[in-house]
Asker: 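One structure, as structure tokens, below. Some questions next.
Residue numbers begin at 1 in each chain, while the letters A, B, ... track the order of the sequences.
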2 protein chains.
Amino acid sequence: MNDTGQFHLLAGLATGRETRSDDAIYQALWEAIVEHRLSPGARLPEDALAGAFGVSRTMIRRVLQRLALEQLVTLRAHRGAQITSPTPSEARDVFRARRLLEGALLAEVVTRLTPEDLKALTTIADQEHHASREQAIRLSARFHTRLMAVAGNASLSEALSQLISRTSLIIAVYGRHRAGCPCEHPALIDLLATGELAAIQHWMQQHLADIEASLDFTASGDALPDFEHLFGHHREPSAS
Amino acid sequence: MNDTGQFHLLAGLATGRETRSDDAIYQALWEAIVEHRLSPGARLPEDALAGAFGVSRTMIRRVLQRLALEQLVTLRAHRGAQITSPTPSEARDVFRARRLLEGALLAEVVTRLTPEDLKALTTIADQEHHASREQAIRLSARFHTRLMAVAGNASLSEALSQLISRTSLIIAVYGRHRAGCPCEHPALIDLLATGELAAIQHWMQQHLADIEASLDFTASGDALPDFEHLFGHHREPSAS
DNA sequence: TGGAAAATGCTTGTATACAATTCCGAGGGA
DNA sequence: TCCCTCGGAATTGTATACAAGCATTTTCCA
């Protein structure tokens with residue numbers, strides 16, 4: 001019962017001991033990461049995950065490898081997996097990449113946007129508004145992903161989705177005010193309805209710049225962050 | 001002696017039976033795919049690969065999963081892996097994505113280009129010139145990858161690398177004249193030395209447009225392509 | 001008491017065994 | 001002759017056993 005903290009956390013990912021498919025496990029871990037329930041630096045022991053999801057380490061390893069290729073998890077030989085802590089340099093790269101991609105894709109998005117798309121985006125923005133802050137982070141990512149999917153370029157959408165997920169990690173490490181991101185997405189929906197490309201692109205550039213400006217790169221950086229602080233109080237012996 | 005063709009092909013990937021690391025296996029398969037020695041539609045039985053590389057199916061499955069996430073290999077449940085045959089729609093997406101990304105990155109490339117970069121690019125272009133056509137395909141991909149790495153954005157470089165690899169698959173399926181791509185890369189190097197961004201960007205757009213224009217989307221598409229034709233003549237018994 | 005070396009335990013890496021599914025062909029009937 | 005059904009062979013999916021490496025602690029000596 002040494003790493004009880006982690007175990008409690010991971011146990012919360014699965015409702016009990018029912019077996020899940022690897023896609024479902026990936027989904028659960030992805031959401032936990034994007035919603036900041038698993039913070040950068042958190043270790044992900046294969047046994048604990050296998051127990052929590054009621055499967056063997058085989059599937060866990062497959063999921064971890066996928067998350068590692070998407071840069072959400074860092075895999076070190078013989079040292080296991082942990083949630084990636086993006087470096088300041090990587091963070092800047094991600095934002096530059098997002099500004100470039102989202103700005104360029106918006107041109108295509110505006111020409112192809114249908115009323116159904118607008119409705120779907122409105123639904124997500126509404127959920128975002130009513131959700132807890134944790135879920136709001138995930139829904140915000142979903143909003144951007146859904147918006148850029150309108151452009152109809154699967155190759156770029158997938159690359160962009162990964163960048164959006166990684167943004168959540170960046171905010172987890174360098175975000176200053178947890179209140180942040182009052183999520184002005186409804187304003188963007190209004191703009192989209194007008195179809196004025198220049199204004200929309202300008203809004204998006206500003207949106208991304210605002211998020212980046214709210215970060216504080218002077219803090220720690222790469223070292224294992226607030227893991228102990230977060231889960232230390234779970235460390236009751238609970239001998240048996 | 002059912003799939004002897006495949007077996008001979010796969011055996012050619014490894015020199016004998018020595019054990020290799022998973023990275024080396026990935027590299028070997030990647031090169032075989034990009035160099036068109038493994039054509040779209042070719043099946044990749046785990047046992048055959050495991051035997052060829054002298055490892056167990058565990059590592060093979062890991063490598064195949066990675067290739068699948070990069071869209072070079074298609075994995076279907078209970079049906080195994082085969083080299084991906086991009087659809088015409090996917091092909092167009094890839095080219096649009098490349099035009100967008102490479103065009104945008106060139107601006108950064110031009111400002112950061114060092115003499116060392118130019119020298120490295122020249123070396124690759126030279127090798128490309130002297131290599132066999134198979135290797136030239138791989139070196140051409142390497143040239144583009146190396147060029148875009150100059151921009152110094154790892155996130156975008158990695159996404160772009162995947163698009164470049166997939167381009168090789170697209171050419172394998174839809175390429176008309178195998179002579180194609182006299183590879184005008186030396187001309188680009190001359191242009192890069194001048195530092196005239198507009199001309200460089202225009203050249204690149206034209207380069208990509210030329211490649212795309214040389215494709216023929218009216219042909220087959222997804223069905224297993226010329227696999228039998230390629231490897232049928234290898235089918236001697238070679239007993240003992 | 002402080003530090004270094006060794007040993008032990010825990011985690012990961014790889015291979016293999018077994019179960020599940022698909023594919024292909026043979027056989028029978030209409 | 002065509003089609004449907006029913007095995008059998010081959011291949012993939014999952015779990016588990018065992019080997020290997022790292023981390024921590026314990027112990028011993030200065």
Asker: For the residue pair A:S155 and B:L163, establish whether any side-chain heavy-atom pair is separated by less than 4.5 Å.
Answerer: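 A side-chain contact exists here, since the closest heavy-atom pair is under 4.5 Å.
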
Asker: Could you work out which one of D:dA15, C:dA15, C:dT12 sits closest to the side chain of A:D47?
Answerer: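 My answer, after comparing the listed nucleotides, is C:dT12.
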
Asker: Quick one: B:R61 CZ to C:dT16 C1', roughly how many Å, whole number?
Answerer: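 Whole-Å distance recorded here is 13 Å.
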
Asker: If you check every side-chain atom of A:A77, which of C:dG13, C:dT12, C:dA15 has the closest atom?
Answerer: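 Closest nucleotide to the A:A77 side chain: C:dG13.
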
Asker: Can you tell me how far the CG atom of A:L156 sits from the CZ atom of B:R96, to the nearest 0.5 Å?
Answerer: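 Here the interatomic distance stands at 7.5 Å.
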
Asker: Given atom CZ of A:R20 and atom P of D:dG13, what is their separation to the nearest angstrom?
Answerer: 21 Å

Asker: Would you indicate, yes or no, if D:dA23 has its OP1 or OP2 atom less than 4.0 angstrom from a side-chain nitrogen or oxygen of A:R79?
Answerer: yes

Asker: Out of the candidates B:R98, B:R92, B:R99, only one should pair with B:E212 under the salt bridge (charged side-chain N to carboxylate O under 4.0 Å, His left out) rule; please name it.
Answerer: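 For B:E212, the salt bridge (charged side-chain N to carboxylate O under 4.0 Å, His left out) check succeeds only for B:R99.
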
Asker: Tell me which of A:D22 and A:H78 sits closer to the 5' end of DNA chain D, going by the nucleotide each one is nearest to.
Answerer: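 The 5'-side residue here is A:D22.
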
Asker: Measure from CE on A:M59 to C1' on D:dT12 and round the result to the nearest Å.
Answerer: 14 Å

Asker: Whole Å only: how far is the CD atom of B:Q82 from the P atom of D:dT12?
Answerer: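 Atom-to-atom, B:Q82 to D:dT12, this comes out as 11 Å.
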
Asker: Can you tell whether the side chains of A:E134 and A:R138 come within less than 4.0 Å, N to carboxylate O?
Answerer: no

Asker: Going by distance alone, is a donor N or O of one side chain under 3.5 Å from an acceptor N or O of the other, for B:Q71 and B:E90?
Answerer: no

Asker: OP1 or OP2 of C:dT12 versus the side-chain N and O atoms of A:R57: is any pair under 4.0 Å?
Answerer: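 Answer is no, no contact under 4.0 Å.
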
Asker: Please state how far atom CZ in A:R76 lies from atom P in C:dT11, giving the value in whole angstrom units.
Answerer: 15 Å

Asker: By nearest heavy atom, map B:T58 and B:E46 onto DNA chain D; which one lands nearer the 5' end?
Answerer: B:E46

Asker: Specify the separation, in whole Å, of atom CD1 of B:I60 and atom C1' of C:dT16.
Answerer: 15 Å

Asker: Atom CD of B:Q65 and atom P of D:dT12: how far apart are they, to the nearest Å?
Answerer: 15 Å

Asker: Taking only N and O in the side chain of B:R62, is any of them less than 4.0 Å away from OP1 or OP2 of C:dG13?
Answerer: no

